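One structure is given here, and the rest of the page talks about it.
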Amino acid sequence: MITQITEIVREASLLMKKDIEDISQKGNASNYVTSADIAVQDFLYEKLRALLPGSGFIGEEGDAAFQTAEYTWVIDPIDGTSNFIRDLGLSVISVALLKDNAPYIGVVYFPYRDEMYYAKAGKGAFMNGKPIHVSDRDYAHSHLCSAMSLYDKRHASACFRIIEKVYDECDDLRRLGTAALELSYLAAGRVELYFEIRIFPWDAAAAALLIQEAGGYVEFLFHDSLPLDGPFGVIAANTKENFKKLRATVYGELKEKPF
Ligand code: IPD
Ligand code: CA
Ligand code: CA
């Protein structure tokens, strides 16, 4: 099954290599969708549902059905759309397969470096066929990836406060503009800490499984399991110790559910 999914995702990535024919704004000023986002999602919708007849589908774009079933696909056709529009080379395709609403398979493909990340619950995490593991760097030597609630800036000041506190104690900060890639990098040992206040299931479902299978820790803020009707916050870290420290800082600042 994973091989078939990765083949479909790799084929879908060819649709990202064509010229962007159309860019339109969604909801607010910073949120865009391109013809490529739609083309990739439509392709995945057809191919993945054919792979698993009767499966449900939750996709970021358009009017894709929000339909859950015993097996449900959760898709971000292009995570990092702003990067994609600007040709920054930092965008991925993220595909999760849930079984009974819990992440069962996660695939994140980064076409610019031809890196295929994948994991199956209980079976470990891999990149291009090789097992991946979180790093063992301590907090002081950690890199934090984060974001400032781009699509609802009412929460930005809380993010900046939290980021400033973590930044004081860690090594450095990165904002790559693609949550799925940043979380995959955490699974692969390239960064150590992640915090985002407002994220959707398609951003995090696949990479959260990668992190758990790579030995790391993930929590969806104020939730016991992956919420499917987002948005929600997420924290992740390489080690239990770093996770506890990051968690204390985030909850110390937020105190209650922000939305
Ligand atoms: C966004 C990116 C960004 C994150 C946002 C996401 P999109 O996804 O992952 O890094 O900060 O929360 O919505 O809109 O590029 O698919
Ligand atoms: Ca996304
Ligand atoms: Ca997207």
Side-chain angles (χ1 to χ4, degrees), residues 9 12-13 15-16 20 22-45 57-64 66 73-96 106-112 117 143-156 158-160 162-163 173-187 191 193-208 210-211 218 220-221 226-236 258-259:
V9 170
S13 74
L15 298 165
M16 290 169 67
I20 302 173
D22 187 43
I23 300 174
S24 46
Q25 241 169 278
K26 303 193 287 187
N28 72 35
S30 316
N31 204 351
Y32 298 96
V33 57
T34 74
S35 43
D37 296 71
I38 305 290
V40 172
Q41 179 159 310
D42 288 351
F43 180 87
L44 293 173
Y45 183 82
F57 192 92
I58 300 171
E60 180 180 4
E61 303 304 345
D63 300 321
F66 182 102
W73 301 100
V74 183
I75 308 294
D76 194 337
I78 298 183
D79 186 57
T81 296
S82 287
N83 289 343
F84 181 67
I85 292 168
R86 288 171 169 74
D87 197 20
L88 292 180
L90 283 166
S91 311
V92 300
I93 296 177
S94 177
V95 171
V107 172
V108 174
Y109 183 51
F110 184 26
Y112 300 95
Y117 296 86
H143 275 194
L144 166 72
C145 283
S146 199
M148 288 73 69
S149 194
L150 176 66
Y151 302 143
D152 184 347
K153 291 189 178 174
R154 287 172 299 176
H155 307 292
C159 298
F160 282 116
I162 290 166
I163 290 168
L173 167 71
R174 297 287 182 272
R175 157 66 170 154
L176 303 186
T178 154
L181 181 64
E182 291 164 297
L183 291 166
S184 301
Y185 276 1
L186 199 156
V191 300
L193 306 171
Y194 192 87
F195 158 66
E196 185 157 2
I197 205 168
R198 191 173 178 280
I199 205 168
F200 287 84
W202 43 80
D203 300 310
L210 289 172
I211 292 174
V218 186
F220 305 111
L221 300 177
L226 176 75
L228 295 182
D229 53 357
F232 51 86
V234 64
I235 52 174
F259 39 80

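Not measured: the values here are computed from a predicted model. Just so you know, ligand 1 is whichever comes first in the structure, and atom 1 is the first atom listed for that ligand.
- Within the 4.0 Å heavy-atom cutoff, L150 does not count among the residues contacting ligand 1.
- Inclusion of E182 in the set of residues having an N or O under 3.5 Å from an N or O of ligand 1 is not warranted.
- Under a 3.5 Å cut-off, the side chain of D37 and the backbone N or O of T34 do form a donor-acceptor pair.
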Next on the checklist: Please determine whether side-chain contact (heavy atoms from CB on, under 4.5 Å) holds for the pair K153 and Y151, giving the CA-CA distance in whole Å, both sets of side-chain angles, and the decisive distance to 0.1 Å.
Outcome noted: CA-CA 6 Å; K153 291 189 178 174; Y151 302 143; over 6 Å; no
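- The closest approach between a heavy atom of F84 and any atom of ligand 1 is not below 4.0 Å.
- Distance OH/Y185 to CG/L210: 13.0 Å, rounded to 0.5 Å.
- Considering only heavy atoms from C-beta on, Y112 stays 4.5 Å or farther from L90 through its side chain.
- Under 4.0 Å from ligand 1, the heavy atoms of Y151 that appear belong solely to its side chain.
- Regarding atom 12 (O) of ligand 1, its nearest protein heavy-atom neighbour is E196 OE2, 2.4 Å.
- Atom-to-atom distance recorded for L221:CG and E196:CD is 10.5 Å, nearest 0.5 angstrom.
- Those atoms of ligand 1 that come under 4.0 Å of a heavy atom in D76, given as number and element, are 16 (O).
- The closest approach between any non-hydrogen atom of I78 and ligand 1 is below 4.0 Å.
- Between L176 atom CG and S146 atom OG the span is 11.0 Å, to the nearest 0.5 Å.
- For the pair D79 (side chain) and A180 (backbone), a donor-acceptor distance under 3.5 Å is present.
- Listed by number with element, the atoms of ligand 1 under 4.0 angstrom from any heavy atom of A179 are 2 (C), 9 (O), 10 (O).
- Between the Ca ion (ligand 2) and the N, O or S atoms of D203, the shortest distance is to OD1.
- The 12-atom threshold is exceeded at CG of D22, counting heavy atoms of other residues, nucleotides or ligands nearer than 6.0 Å.
- Heavy-atom distances between M148 and ligand 1 stay at or above 4.0 Å for every pair.
- For R198, every heavy-atom contact with ligand 1 shorter than 4.0 Å involves the backbone, none the side chain.
- Taking the Ca ion (ligand 2) as reference, D79 places its N/O/S atom OD1 nearest.
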Next on the checklist: One pair to check against side-chain contact (heavy atoms from CB on, under 4.5 Å): W202 and I58. What are the steps and the verdict?
Outcome noted: CA-CA 8 Å; W202 43 80; I58 300 171; 4.0 Å; yes
Item to check | Residue pair Y45, E61: steps toward the side-chain contact (heavy atoms from CB on, under 4.5 Å) verdict | outcome: CA-CA 11 Å; Y45 183 82; E61 303 304 345; over 6 Å; no
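- Inclusion of G177 in the set of residues having an N or O under 3.5 Å from an N or O of ligand 1 is warranted.
- Taking CG of N83 as the reference point, atom CG of L181 lies at 9.5 Å (rounded to 0.5 Å).
- Under 4.0 Å from ligand 1, the heavy atoms of T178 that appear belong solely to its backbone.
- Residue contact check: E60 has heavy atoms under 4.0 Å from atoms 14 (O), 16 (O) of ligand 1.
- Seen from the Ca ion (ligand 3), atom OD1 of D76 and atom OE1 of E60 lie 80° apart in angle, a value rounded to 10°.
- Metal site remark for the Ca ion (ligand 3): W202 contributes no N, O or S atom at a distance under 3.0 Å.
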